[in-house]
Amino acid sequence: MDKSLLYKHFKGDASPSERKAIRTWVEASADHYDEYIRERKLFDASLLLSPHEVRRPLKVRLMRLGRMTAAAAAAAAVFVLGILFQHLNTRPEEGLMQRIVVPMGQRVNLQLADGTDVWLNSGSEFTYSTTFSKSDRRVTLDGEGYFKVTKDARHPFRVETACAAVEVLGTEFDLTVSRSTGDFRTSLVEGSVRIEAGDAWTVLKPNESATLHNGTFVISEIADNDEFLWRDGILSFGETPFIELMKRFEQFYGVKIRVDNRRMAGYSAMGKFRQADGVEHALRVLASDAGFDYVFDDKNQLIIIK
């Protein structure tokens with residue numbers, strides 16, 4: 001494949017026919033896919049260069065939720081990477097910000113320039129500056145992220161959200177926030193975090209979780225660390241109402257679900273499902289217990305619970 005065409009695609013300037021040609025080429029073999037990823041990383045690294053510092057390239061790993069063939073996985077990777085990096089490759093002169101948007105049914109693992117590991121769940125939006133470095137460690141999040149922060153006592157790592165800010169020196173924690181609903185929760189696995197929201201602030205200890213209600217932080221113990229297994233492709237949930245669980249299925253599996261059975265509003269469940277087994281397996285298990293039927297629409301996009 002002509003590298004100039006690949007770089008044209010990475011910049012977002014390729015025509016629909018050129019994008020189709022690239023996708024066809026990538027799907028043709030594993031070697032083509034590896035070459036695509038290699039050139040992609042080189043291009044991204046060039047965007048992060050500054051006149052004063054050569055930065056380590058951002059490492060990104062895309063994880064598909066659900067069982068796929070090798071060809072389908074390659075096609076999905078090209079499609080999703082196109083979405084991610086379309087937002088990521090903001091030119092410095094246009095705002096100095098990089099943005100990653102994770103589609104439903106996907107999750108992303110990336111490593112920042114300071115060595116911090118970040119896992120982003122489905123539907124999340126993650127933003128950081130092109131000047132992000134070991135001395136300036138600020139990011140923003142809308143959605144869910146799990147952070148394993150590289151320790152640096154002199155340079156705090158700060159996650160800013162629409163609801164509150166989380167500041168750490170070196171720690172491991174999960175953060176869930178929604179700009180649209182105002183929901184906010186931080187769960188600390190190890191280390192220490194300071195959370196700020198207006199005049200309110202608190203410091204968490206390991207195995208503590210904080211939610212924000214009417215401008216006040218409410219502290220509780222983490223009930224089950226299995227809830228963080230989404231990073232490994234496992235949905236673990238405690239006693240959860242069926243309607244709420246179906247909303248989590250939509251995010252987890254990247255599907256649309258309509259519930260036409262009013263009786264299901266009174267049903268709740270708890271358990272674990274692997275993403276690799278697919279949504280139909282999960283529905284089949286639930287249906288055997290609750291006694292409902294489900295059908296897919298003509299395009300296998302919408303699941304209707306009857």
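No side-chain heavy atom of Q275 sits less than 4.5 Å from a side-chain heavy atom of L235. Contact of the Q106 side chain with the V101 side chain is not registered, since no non-hydrogen atoms from C-beta on lie closer than 4.5 Å. Looking at heavy atoms from C-beta onward, Y146 lies out of side-chain contact with N121 at the 4.5 angstrom threshold. In this structure, the side chains of Y128 and L110 stay at 4.5 Å or more apart for every pair of heavy atoms.
With sequence neighbours excluded, no residue forms a salt bridge (Lys or Arg N to Asp or Glu O under 4.0 Å) with D2. Every salt bridge (Lys or Arg N to Asp or Glu O under 4.0 Å) that E227 has, sequence neighbours left out, goes to R185.
Pairing each heavy atom of L245 with each of A269, the nearest pair is CD2-CB, 4.5 Å. Across all their heavy atoms, F242 and M264 have their closest contact at CB-O, 3.3 Å. Contact detail for W119 and K148: the closest heavy-atom pair is CZ3-CB, 4.1 Å. In this structure, L141 and L120 approach most closely via the heavy-atom pair CD1-CD2, 4.0 Å. Among all heavy-atom pairs drawn from G182 and C163, the shortest one is O-SG, 3.5 Å. When all heavy atoms of L212 and G215 are compared, the closest pair comes out as CD1-C, 3.8 Å.
For T240 (side chain) and G238 (main-chain N/O), a donor-acceptor pair under 3.5 Å exists by modelled atom type. Between the Q251 side chain and the S122 main chain, a donor and an acceptor come within less than 3.5 Å of each other. Remark: the backbone N or O of V177 is not paired with any side-chain donor or acceptor of T161 at under 3.5 angstrom. In this structure, S209 contributes its side chain and I222 its backbone to no donor-acceptor pair below 3.5 Å. At distances below 3.5 Å, not a single donor-acceptor pair connects side-chain atoms of N207 with backbone N or O atoms of V189. Between the side chain of R107 and the backbone N or O of R231 there is at least one donor-acceptor pair closer than 3.5 Å. Side-chain atoms of E250 come within 3.5 Å of backbone N or O of I257 as a donor-acceptor pair.
Across D224, D226, D232, D277, a single residue satisfies salt bridge (charged side-chain N to carboxylate O under 4.0 Å, His left out) together with K272, and that is D226.
Of the inter-residue distances, the one linking E18 atom CD with L6 atom CG reads 11.0 Å to the nearest 0.5 angstrom. Note that the OH atom of Y294 and the CZ atom of R284 stand 5.5 Å from one another [nearest 0.5 Å]. Note that OG of S192 is 10.5 Å distant from CD of E167, once rounded to the nearest 0.5 Å. To the nearest 0.5 Å, atom CZ of residue R274 and atom CG of residue L229 are 12.5 Å apart. Atoms CD1 and CZ, on I304 and F296 in that order, are 10.5 Å from each other to the nearest 0.5 Å. Between the CD atom of E144 and the CZ atom of F228 there is a distance of 8.0 Å, given to the nearest 0.5 Å.
Under a hydrophobic clustering in which Ile, Leu, Val, Met, Phe, Trp and Tyr are joined whenever their side-chain heavy atoms come within less than 4.5 Å, directly or via other members, V279 and I234 fall into different clusters. V118 is not connected to L169 by any chain of hydrophobic side-chain contacts under 4.5 Å among Ile, Leu, Val, Met, Phe, Trp and Tyr, and they are in different clusters. Note on V218: it does not cluster hydrophobically with V193, by side-chain heavy-atom contacts below 4.5 Å among ILVMFWY residues.
Applying the 6.0 Å contact sphere to CD of E239 captures more than 12 heavy atoms from other residues, nucleotides or ligands. No more than 12 heavy-atom neighbours from other residues, nucleotides or ligands sit within 6.0 angstrom of CZ on R179.
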Evaluate the side-chain contact (heavy atoms from CB on, under 4.5 Å) criterion for residues D114 and F132: first the C-alpha distance (whole Å), next the side-chain angles of each, then the deciding distance (0.1 Å), finally the verdict.
CA-CA 8 Å; D114 66 340; F132 182 95; 3.7 Å; yes
Does the side-chain contact (heavy atoms from CB on, under 4.5 Å) test come out yes or no for V149 and R137, once each step is laid out?
CA-CA 10 Å; V149 179; R137 306 198 298 169; 3.9 Å; yes
Apply side-chain contact (heavy atoms from CB on, under 4.5 Å) to K306 and D260, showing your working.
CA-CA 5 Å; K306 299 191 300 181; D260 289 343; 5.8 Å; no
Apply side-chain contact (heavy atoms from CB on, under 4.5 Å) to residues L112 and T150 and explain how you reach the verdict.
CA-CA 10 Å; L112 300 176; T150 298; over 6 Å; no
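Aromatic ring centroids of Y267 and F292 lie 6.0 Å or more apart.
Using bins of under 30°, 30° to 60° and over 60° for the plane-to-plane angle, the ring pair F249/Y253 lands in the perpendicular bin. Using a 30° and 60° split on the angle between ring planes, F273 and H281 fall in the perpendicular class, above 60°. In this pair, F173 and F147 present their aromatic rings parallel. The plane angle is below 30°, not in the 30 to 60° band.
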In residues 195-205, what donor-acceptor pairs under 3.5 Å come from side-chain atoms, sequence neighbours left out?
from: E196; atom 1: OE1; to: R158; atom 2: NH2; distance (Å): 3.2
from: E196; atom 1: OE2; to: R194; atom 2: NE; distance (Å): 3.1

